[in-house]
Peer 1: 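Dropping the structure in here first, questions after.
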Amino acid sequence: MSKAQRLKSKAQSPKFLSMVVLGVLLLLTDSSRCATSDSLFAAGSEAYIAGDYHRAARAFRESVQLHPGSGSLQNLGNAEWQLGNTGRAVLAWEQSLWVNPFNQAAYTNLRFARKTAQLESPELAWYEVVSSWLPANWWAWVAGLSFWFAVAIVLLPGIFRWRRLAWHQAVAAFGLAIFLLSVPANVGIASRSRLGFILQKNTPLRLTPTANAQLITRLPSGEPARLERVHGRFVLVRTNRTAGWIERDFFGLTSSVGLNTPNWSPSKSESLVKR
């Protein structure tokens, strides 16, 4: 059988045809999701400009669930802020920076909101600060590519019997340096993934994970906290000053971008931005 005949036979096989159909369906589904997300983003922008902040927040939230863009999250925070939901606004802006740390408008909104509501910023370790320099999902790629790039520069000259030059060692050292820098950044990403914010005003912080437990204090909306443990419908969180249990519905994780619930997993600065 000739090569052309074998290819034709393969193309006519049910398995091959099903794979092609599946690929086409995935492409169409992805395109449909993007189109729907864009239409929701546009609808949210129109509602925001019209002053219908409830409808704007709903549209931006649905857009984020389909496509977690930094601009959609920033605008969701704007709408939540206009509705008086300080905690949800702060969470949305922090999630916008989680996706895209170069979004200066989200930084400006956060500074304004924290100054207005007298809220503290999260206390970050040095490696968490390093991890915030790039989008959260970039650091794993940086680590993998820099490591294997350095390995390739070291091994390929010997494999192909190339003459080893001084720049080979310099480039390999540079790749290794990037890899070593990315290691603490990836640790910081894992650590920051447990950082979240209080969503409800005067959220009760309790001594034990029960509804009738002793009250330690009440946390303001937008207060930063770190997730320590989950127990049923309660989570153990640690703030900058104390620790205790709150209901999980009152706490949203920064890393839970695009999820239906925020847990799981302004001024001149509030202008709408493009995704």
Side-chain angles (χ1 to χ4, degrees), residues 22 25-103 105-107 109-110 113 132 134-138 140 189-190 192-200 203 221-222 224-225 227 230 233 235 246-266 270-275:
L22 179 61
L25 289 176
L26 288 174
L27 288 174
L28 291 175
T29 301
D30 186 62
S31 300
S32 175
R33 286 168 61 91
C34 289
T36 304
S37 177
D38 290 341
S39 62
L40 287 169
F41 182 86
S45 300
E46 292 176 2
Y48 186 93
I49 294 172
D52 189 350
Y53 302 120
H54 284 285
R55 186 161 63 89
R58 183 169 57 253
F60 287 132
R61 191 176 299 109
E62 292 175 358
S63 176
V64 167
Q65 291 170 7
L66 293 174
H67 178 73
S70 180
S72 296
L73 286 162
Q74 181 201 328
N75 293 334
L76 173 59
N78 295 342
E80 294 286 10
W81 177 263
Q82 293 291 353
L83 293 170
N85 300 328
T86 302
R88 295 185 182 277
V90 169
L91 176 64
W93 289 326
E94 287 283 357
Q95 289 179 334
S96 176
L97 293 175
W98 177 271
V99 175
N100 177 20
F102 310 115
N103 189 339
Y107 272 117
N109 288 350
L110 279 171
S132 67
L134 294 175
N137 57 351
W138 284 24
I189 290 295
R192 280 202 302 134
S193 67
R194 304 183 72 81
L195 178 66
F197 297 88
I198 305 302
L199 301 178
Q200 298 293 332
T203 294
S221 179
L227 175 66
V230 180
R233 64 186 183 93
V235 292
I246 63 173
E247 292 190 42
R248 60 190 297 177
D249 291 338
F250 296 162
F251 182 70
L253 288 172
T254 304
S255 58
S256 63
V257 179
L259 299 185
N260 291 327
T261 62
N263 304 302
W264 328 107
S265 170
E270 69 175 1
S271 58
L272 298 175
V273 299
K274 296 181 180 179
R275 245 179 327 206

Peer 1: So W93 and N78, do their side chains get closer than 4.5 Å, heavy atoms only?
Peer 2: yes
Peer 1: Does the side chain of R192 reach to within under 4.5 Å of the side chain of E94, using non-hydrogen atoms?
Peer 2: no
Peer 1: Say whether, by atom type as modelled, one donor and one acceptor occur between the side chain of T86 and the main chain of S221 under 3.5 angstrom.
Peer 2: no
Peer 1: Could you give the distance from OH (Y107) to CG (N109), rounded to the nearest 0.5 Å?
Peer 2: 13.0 Å
Peer 1: Quick one: closest heavy-atom pair of A57 and L76, and the distance?
Peer 2: O-CD1, 3.4 Å
Peer 1: So, for P135 and F102, which heavy atoms are closest and what is the spacing to 0.1 Å?
Peer 2: CD-CE1, 4.1 Å
Peer 1: Rounded to the nearest 0.5 Å, what separation is found between the CH2 atom of W98 and the CG atom of L195?
Peer 2: 8.5 Å
Peer 1: Is there side-chain contact between R233 and D249, with heavy atoms separated by less than 4.5 Å?
Peer 2: no
Peer 1: H67 and S37: which non-hydrogen atoms are nearest, and at how many Å?
Peer 2: CB-OG, 3.3 Å
Peer 1: Rounded to the nearest 0.5 Å, what separates atom CG in D52 from atom CZ in R58?
Peer 2: 7.5 Å
Peer 1: Tell me the closest heavy-atom pair linking S193 and S255, and the distance in Å.
Peer 2: O-OG, 2.9 Å
Peer 1: Quick check against the 3.5 Å criterion: does R194 have a side-chain atom that pairs as donor or acceptor with the backbone of L227?
Peer 2: yes
Peer 1: Report yes if some heavy atom in the side chain of E80 is under 4.5 Å from a heavy atom in the side chain of F60; otherwise report no.
Peer 2: no
Peer 1: Would you confirm whether S45, through its side chain, and F41, through its main-chain N or O, come within 3.5 Å as a donor-acceptor pair?
Peer 2: yes
Peer 1: Please find the pair of heavy atoms, one from L97 and one from N103, that lie closest to each other, and give the distance.
Peer 2: CD2-O, 3.4 Å
Peer 1: For L253 and Q95, which heavy atoms make the closest approach, and how far apart are they?
Peer 2: O-NE2, 3.2 Å
